[in-house]
Amino acid sequence: MNAEPRYNDLFYQRTTSHSEIMDIVQGKAISLNKVSSPIDWQELFGNTNPVEIEVGFGKGRFLLEAAKQYADVNFIGVERAQKYVELTRQRFLKYIRHYAVDKNSGVFENVRLVWTDANYFLSRYVPDNSVQAYHVYFPDPWPKARQQKRRIFRNSEFLDAISSTLLLDSGRLYAVTDYAEYFDEIQERIAQQTTLKPVSHNINEYQHITTNFENKYQLEGRKIYRAVYGKM
Ligand SMILES: C[S@@+](CC[C@H](N)C(=O)[O-])C[C@H]1O[C@@H](n2cnc3c(N)ncnc32)[C@H](O)[C@@H]1O
């Protein structure tokens with residue numbers, strides 16, 4: 001297999017100097033530098049509900065629907081593109097305004113947006129054995145050969161962080177792509193791991209919630225590839 005990307009502290013300093021964690025409902029954003037690591041989920045959310053993380057939430061469609069439908073799950077969305085973080089924040093605020101959601105009702109108190117690089121966040125801030133599920137939907141496929149080293153699943157730090165931070169037995173990684181060749185690579189890379197094992201691809205209770213990319217590709221009639229892994 002091709003070389004892995006070289007991530008180092010300098011890369012992270014450049015890409016994460018702006019990093020923030022946001023509470024949309026309360027309108028608060030804290031610089032990630034000021035957050036102690038690893039994060040205490042109970043302190044962050046004020047409850048002991050399970051935590052799930054979406055990596056690369058894009059325009060935030062999945063995150064909003066999931067947070068609405070699963071109020072007893074705490075969701076962290078991680079996205080490195082500021083444009084999409086802001087777009088998603090606005091999507092939530094629009095929903096709150098449109099449905100006149102009472103800010104004290106608890107709706108969307110179960111969501112935090114994290115504007116940063118997911119590799120950085122997962123490996124520095126997420127406690128071991130603390131995540132019920134990772135959602136990685138339509139990760140950038142970087143189709144050109146010279147760019148494929150940027151694929152997130154090619155980064156062993158990313159895979160190591162997922163496997164160490166998922167809950168043993170119940171922890172799940174949901175991965176979906178429209179890109180067959182990348183899907184094969186994801187499966188190969190995960191097969192090289194010792195802790196993540198495939199679980200029946202039908203077992204994704206979130207499959208009814210589509211992302212923006214999924215909606216677009218379904219309309220185009222593209223084939224969608226789905227995998228679910230468990231930490232065993
Ligand atoms: C192809 S889009 C898919 C967006 C969304 N999941 C969907 O299905 O509509 C991939 C997203 O992942 C984000 N992304 C890529 N690499 C990332 C990283 N290392 N950390 C955080 N976000 C990342 C990109 O900025 C982009 O918004």
Side-chain angles (χ1 to χ4, degrees), residues 4-22 29 32 39 52-67 75-92 111-126 131 133-144 147-162 165 172-183 185-186 189 204 206-220 222-228:
E4 284 179 18
R6 270 189 235 110
Y7 286 96
N8 55 33
D9 282 343
L10 189 63
F11 169 84
Y12 286 132
Q13 273 167 31
R14 280 203 216 102
T15 57
T16 60
S17 52
H18 53 262
S19 298
E20 282 182 350
I21 181 160
M22 303 170 196
L32 213 48
I39 293 178
E52 305 201 359
I53 299 182
E54 184 183 11
V55 171
F57 56 73
K59 294 182 181 173
R61 188 178 190 283
F62 173 84
L63 200 57
L64 187 146
E65 283 302 319
F75 288 94
I76 295 273
V78 190
E79 170 59 60
R80 73 174 173 199
Q82 182 184 21
K83 178 173 106 178
Y84 292 127
V85 175
E86 184 52 20
L87 218 138
T88 296
R89 199 176 71 83
Q90 292 299 339
R91 178 188 278 262
F92 274 91
V111 192
R112 298 292 182 278
L113 303 185
V114 183
W115 172 27
T116 196
D117 181 282
N119 298 305
Y120 174 77
F121 183 72
L122 268 50
S123 54
R124 308 301 201 272
Y125 285 93
V126 179
V131 178
Y134 279 101
H135 303 268
V136 191
Y137 299 137
F138 301 87
D140 294 319
W142 297 108
K144 291 184 184 156
Q147 294 178 335
Q148 284 177 3
K149 60 180 185 300
R150 298 181 190 172
R151 288 177 171 176
I152 200 160
F153 278 98
R154 200 171 278 196
N155 186 337
S156 56
E157 193 181 10
F158 177 70
L159 282 179
D160 289 348
I162 286 191
T165 56
R172 293 288 179 267
L173 162 63
Y174 300 106
V176 180
T177 179
D178 62 305
Y179 208 81
E181 184 265 324
Y182 191 19
F183 187 64
E185 176 173 345
I186 293 171
R189 298 256 170 207
N204 180 349
Y206 290 95
Q207 206 164 306
H208 63 288
I209 306 179
T210 52
T211 72
N212 286 83
F213 268 72
E214 184 162 357
N215 284 353
K216 189 170 111 181
Y217 292 152
Q218 273 178 2
L219 281 174
E220 290 173 11
R222 288 202 209 183
K223 187 164 167 37
I224 309 280
Y225 303 89
R226 300 170 194 281
V228 186

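Read the numbers this way: they start at 1 and go in the same order the structure lists the ligands and their atoms. Side chains included, hydrogens not; waters and symmetry mates left out as well; all remaining heavy atoms used.
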(message) Suppose I only count heavy atoms of Thr211 and a 4.0 Å limit; which atoms of ligand 1 are within that range?
(response) 7 (C), 8 (O), 9 (O)

(message) What I want to know is whether Val55 and ligand 1 share at least one N or O pair that is separated by under 3.5 angstrom.
(response) no

(request) Tell me which part of Tyr84 gets within contact of ligand 1: side chain, backbone, both or neither, using heavy atoms under 4.0 Å. (result) side chain

(message) Is any side-chain heavy atom of Arg61 closer than 4.5 Å to one of Thr211?
(response) no

(request) Return yes when Thr116 approaches ligand 1 closer than 4.0 angstrom through a heavy atom, no otherwise. (result) yes

(request) Could you tell me whether the side chain of Tyr134 reaches within less than 4.5 Å of the side chain of Val126, counting heavy atoms only? (result) yes

(message) Within the structure provided, determine whether Phe92 and Leu63 are in side-chain contact (heavy-atom separation under 4.5 Å).
(response) yes

(message) Are any of the N/O atoms on Ala118, whether in the backbone or the side chain, positioned under 3.5 angstrom from an N/O atom of ligand 1?
(response) yes

(request) Name all residues meeting the side-chain contact (heavy atoms from CB on, under 4.5 Å) criterion together with Ala175; count only those two or more places apart in sequence or in a different chain, and write none if there are none. (result) Phe153

(message) With heavy-atom distances below 4.0 Å as the criterion, list the atoms of ligand 1 near Asp117.
(response) 19 (N), 20 (N)

(request) Using a strict 4.0 Å cut-off to heavy atoms of Phe138, name the atoms of ligand 1 that fall inside it. (result) 1 (C), 2 (S), 3 (C), 8 (O), 10 (C)

(message) Is there a polar contact, in the sense of an N or O pair closer than 3.5 Å, between Glu214 and ligand 1?
(response) no

(request) Run the contact test for Glu79 against ligand 1 with a 4.0 Å cut-off on heavy atoms, strictly below, and give the result. (result) yes

(message) Suppose I only count heavy atoms of Ala81 and a 4.0 Å limit; which atoms of ligand 1 are within that range?
(response) 25 (O)

(message) For Tyr182 and Tyr225, I'd like to know if the aromatic rings sit close, meaning centre-to-centre distance below 6.0 Å.
(response) no

(message) I'd like to check whether Ile152 has a polar contact with ligand 1, where a contact means an N/O of the residue lying under 3.5 Å from an N/O of the ligand.
(response) no

(request) Could you pull out all residues at least two apart from Lys83 that satisfy side-chain contact (heavy atoms from CB on, under 4.5 Å)? (result) none

(message) Any atom of ligand 1 sitting under 4.0 Å from a heavy atom of Asp140?
(response) yes

(message) Within the structure provided, determine whether Asp140 and Ile152 are in side-chain contact (heavy-atom separation under 4.5 Å).
(response) no

(request) Run the salt-bridge test on Glu181 and Arg151 with the 4.0 Å N-O cut-off and return the result as yes or no. (result) yes

(request) Quick one: closest heavy-atom pair of Glu157 and Ser123, and the distance? (result) OE2-OG, 3.2 Å

(message) At less than 4.0 angstrom from any non-hydrogen atom of Asn212, what atoms of ligand 1 do you find?
(response) 9 (O)

